[in-house]
Amino acid sequence: MTRSRIQKHKIDGVLAHHQVGVLSAEEVLEATNHHAIVAVTDDDGRMIHINRNFEQVLEYSRDEVIGQHHSMFNSGLHPPSYYRHIWREIRSGKIWRGKICNRAKSGKRVWMDTTITPVDTASGERCYVVVRTDITGLMASHQRERIRTGNERCLNTLLATAFNAADLSSALEFAVNNLLTSKWLQMEKKAGVYLYDGNTGYMHLAAHCNFGETVCAACNATEGPQCPCRQVLETRELAFISGGDNDNAPCCPGMENHGHYVVPIMFDGVFLGTLVAYLEAGSPRNQLCEPFLREYAEIIGILIDSKRKSVELGRQTRLLQAVLENIDDGISFFNTDFKVELFNKKFLDFLDIPEGRYQFNTPVEEFFRFSAEQGDFGPGDIDQIVQDRLNVLKSFEGKRFEITRQNGTILDIVREPVEGMGVVTTYKDVTERVKTATQLMESKKILEKRVQQLEQFKSRLEEKSSEAVRIAEELRLAKDIQFDAINNITDGFVLWDCDDRLILCNDTFKNIYAGLKDIIKPGLKCEDLIRQAFTRGVLPAPEDDDNLERVIQKRLDRHRGMQSTGAEQMSDGRWVRISERAASEGRIVGVITDISDQRRSEQS
């Protein structure tokens, strides 16, 4: 018998075995053919019958199929174990029902709801009747919904976690690993992020998952025109490379062929890098998932910009804190919620607040309470004192005032509002300045009293011209009284005329500059005093003559500008502070205070 006659004989046996009531087998088959995709295989799995629907859906003609094994339609989507299970079921005489993905002649995948019924013919041969329904559209709809749900879950996880990462590197590593949880891509479980360096023009591998040594070495710094990342840099468009036999995908030596999705990472119109997802070689392009990849790359762009700005903000904050810690004044800043956002160590030192007791964003009320409990705001109910201080702050007005703390320290406090942000407060220790001013005031009173006495002497001398000798004696006495008053000042005192020549000074001044006593006489020029102080080693001399002249000139400039020198150490280890101010007729009054004890106290 010919093959066609044998096949007809087998199917006639199957149809005869399944007659239903008064309907013939041919009538039942005809009714089924209008709806279903029908095929019959022999016990070896070779095709012995297909209907017209089969030809239309799978795109094969009857002549191409009959006699061929059913594996010709294998899509490769199901593992071999899936088919082995089906064969065990139907060879045991059971009916199997499930979903199978076949491949049509054009290569497209066709999903079918399938029922396979084992049939024993009258001749004792086993055949299998396969009745199917095309559910490709339904499966695609379900697949799209799964993809949409999976994409949302992946994006939400990225947003919720990556932005909390400690640094950019950790954030990108998480982003890459999170992408690989998306199951819709035929991924090789490999992905990476490349960052673009605008200065060098290179693309550097910043984060990856499962890149081997070959990939890392070949792609760590890319710039070649054939590199997919370089192409995306130029086009700013998503690129797909299947990596199939007909796809001339760029591939470095030693690297297996593969597919790519290369997605530009942008922020505010600026190219930052690329997101690269590795696919199996020959993978088809998935138009449904490209919008997801673009959105994922967009979030990475925001993430990169955020982390870079965070790093810059941290750098600027550290720089600001370093500046604050190297100035002599205490500084604090509280915001509109009355929380202290910033302060330096001097602020803590001036108020005797233990380091570490308060942190940033502590309510300013806590600082007020600490000072009130120390007695710095005077006696009274602590809660009321704190509330009164807060009420003053709430006006957000500038203010300057002094407080004398319980330990005797005098602080000059200046508050300056910053519109819409809060208030900056500076604290300056003016204890020595106030002490010096007080001493000068007392000296002034003594001098004024002595001058009054001299005026009285002068008046009497003018009335009695005959007492000339007595007048001279009275003047000498007045001069002695003047010098006595000056010598009673505990600090060094010096008076210069308008030409910077010495008029007078007290013994304390001479003792401070003990090595210059032999030249400290009326008429001595200030410049000569400074030069001799360095030459004789009273003050530490610079290393070379050029530096000496600059130092001398700088000291003269400060003297003529009546600027305080601040704390200055003598060669013998003592510390002094020089304060100068203008007097009448161009004269300059100077006060030199020995602050050695204070410096030793501070250092201890």
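Basis for what follows: all heavy atoms, side chains included, without hydrogens, waters or symmetry-related copies. Not measured: the values here are computed from a predicted model.
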* Stepwise side chain to side chain contact (heavy atoms under 4.5 Å, CB included) check, His70 with Met47 -> CA-CA 6 Å; His70 71 85; Met47 309 297 293; 4.1 Å; yes
* To do: Before giving the answer on side chain to side chain contact (heavy atoms under 4.5 Å, CB included), spell out for Glu341 and Asn361 the whole-Å C-alpha distance, their side-chain angles and the decisive distance to 0.1 Å.
  => CA-CA 5 Å; Glu341 288 190 357; Asn361 289 320; 3.6 Å; yes
* Audit row: Leu293, Leu179, side chain to side chain contact (heavy atoms under 4.5 Å, CB included) steps and yes/no -> CA-CA 9 Å; Leu293 286 174; Leu179 176 64; 4.1 Å; yes
* **Stepwise side chain to side chain contact (heavy atoms under 4.5 Å, CB included) check, Ile265 with Tyr194** => CA-CA 9 Å; Ile265 299 173; Tyr194 293 84; over 6 Å; no
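Counting heavy atoms from C-beta outward, Arg91 and Pro118 have side chains that stay 4.5 Å or more apart. In this structure, the side chains of Thr117 and Val131 stay at 4.5 Å or more apart for every pair of heavy atoms. Val40 places none of its side-chain heavy atoms less than 4.5 Å from the side chain of Val119. A 4.5 Å side-chain heavy-atom check between Tyr296 and Asn178 finds at least one atom pair inside the cut-off. Contact check for Thr115 versus Ile95: side-chain heavy atoms found under the 4.5 Å cut-off. In this structure, the side chains of Val364 and Leu390 come closer than 4.5 Å at one or more pairs of heavy atoms. Using a 4.5 Å heavy-atom threshold, the side chains of Met203 and Val276 count as separate.
Judged by distance alone, the side chain of Asn53 and the main-chain N or O of Ala36 form a donor-acceptor pair under 3.5 Å. No donor-acceptor pair under 3.5 Å is formed between the side chain of Asp197 and the backbone N or O of Tyr202. Under a 3.5 Å cut-off, the side chain of Asn335 and the backbone N or O of Asp337 do form a donor-acceptor pair. With hydrogens and angles ignored, the 3.5 Å screen pairs a side-chain donor or acceptor of Thr362 with a backbone N or O of Gln359. No donor-acceptor pair closer than 3.5 Å links the side chain of Asp42 to the backbone N or O of Glu125. In this structure, the side chain of His78 engages the main chain of Cys101 through a donor-acceptor pair within 3.5 Å. Without hydrogens or angle criteria, His69 side chain to Asp44 main chain gives a donor-acceptor distance under 3.5 Å. In terms of modelled atom types and a separation under 3.5 Å, the side chain of Asn344 and the main chain of Asp329 share a donor-acceptor contact. No donor-acceptor pair closer than 3.5 Å links the side chain of Ser310 to the backbone N or O of Ser306.
We find the CE-OG1 distance between Met112 and Thr133 to be 9.5 Å, quoted to the nearest 0.5 Å. The OH atom of Tyr196 lies 11.5 Å from the CE atom of Met266; values are rounded to the nearest 0.5 Å. The OH atom of Tyr278 sits 10.5 Å away from the NE2 atom of His208 when rounded to the nearest 0.5 Å. Taking CG of Leu238 as the reference point, atom OG1 of Thr274 lies at 11.0 Å (rounded to 0.5 Å). The line from CG of Asp113 to CG of Leu138 is 9.0 Å long, rounded to the nearest 0.5 Å. Expressed to the nearest 0.5 Å, how far CD1 of Ile300 lies from CG of Leu168 amounts to 10.5 Å.
For residues 359-370, the salt bridge (Lys or Arg N to Asp or Glu O under 4.0 Å) pairs, not counting sequence neighbours, are Glu365-Arg369, Arg369-Asp383.
Of all heavy-atom pairs spanning Gly301 and Leu272, the tightest one is O-CD1, 3.7 Å. A pairwise comparison of heavy atoms in Val232 and Ala239 identifies CG2-CB, 3.8 Å as the closest pair. Heavy-atom minimum distance, Gly67 versus Arg46: O-NH1, 3.4 Å. When every heavy atom of Ala206 is checked against every heavy atom of Glu173, the shortest pair comes out as O-OE2, 4.4 Å. The minimum heavy-atom distance linking Lys307 with Asn164 is given by the pair NZ-C, 4.2 Å.
Ring pair Trp96/Tyr128: centre-to-centre distance not below 6.0 Å. Remark: aromatic rings of Phe367 and Phe347 are close, center separation under 6.0 Å. Aromatic ring centroids of Tyr427 and Phe350 lie 6.0 Å or more apart.
Not counting sequence neighbours, the partners of Phe73 by the ring-ring contact (aromatic ring centres under 6.0 Å, His included) test are Phe54, Tyr60. With sequence neighbours excluded, the residues satisfying salt bridge (charged side-chain N to carboxylate O under 4.0 Å, His left out) with Asp305 are Lys309.
Annotation: Arg97, atom CZ; neighbour count of heavy atoms from other residues, nucleotides and ligands within 6.0 Å does not exceed 12. When the shell of 6.0 Å around CD of Glu312 is examined, it contains more than 12 heavy atoms from other residues, nucleotides or ligands. The environment of CE in Met72 is crowded: more than 12 heavy-atom neighbours from other residues, nucleotides or ligands sit within 6.0 Å.
Between the side chains of Ser61 and Asp63, not a single donor N or O lies within less than 3.5 Å of an accepting N or O.
Taking the charged nitrogens against the carboxylate oxygens, Asp120 and Arg126 do have a contact shorter than 4.0 Å, which makes a salt bridge.
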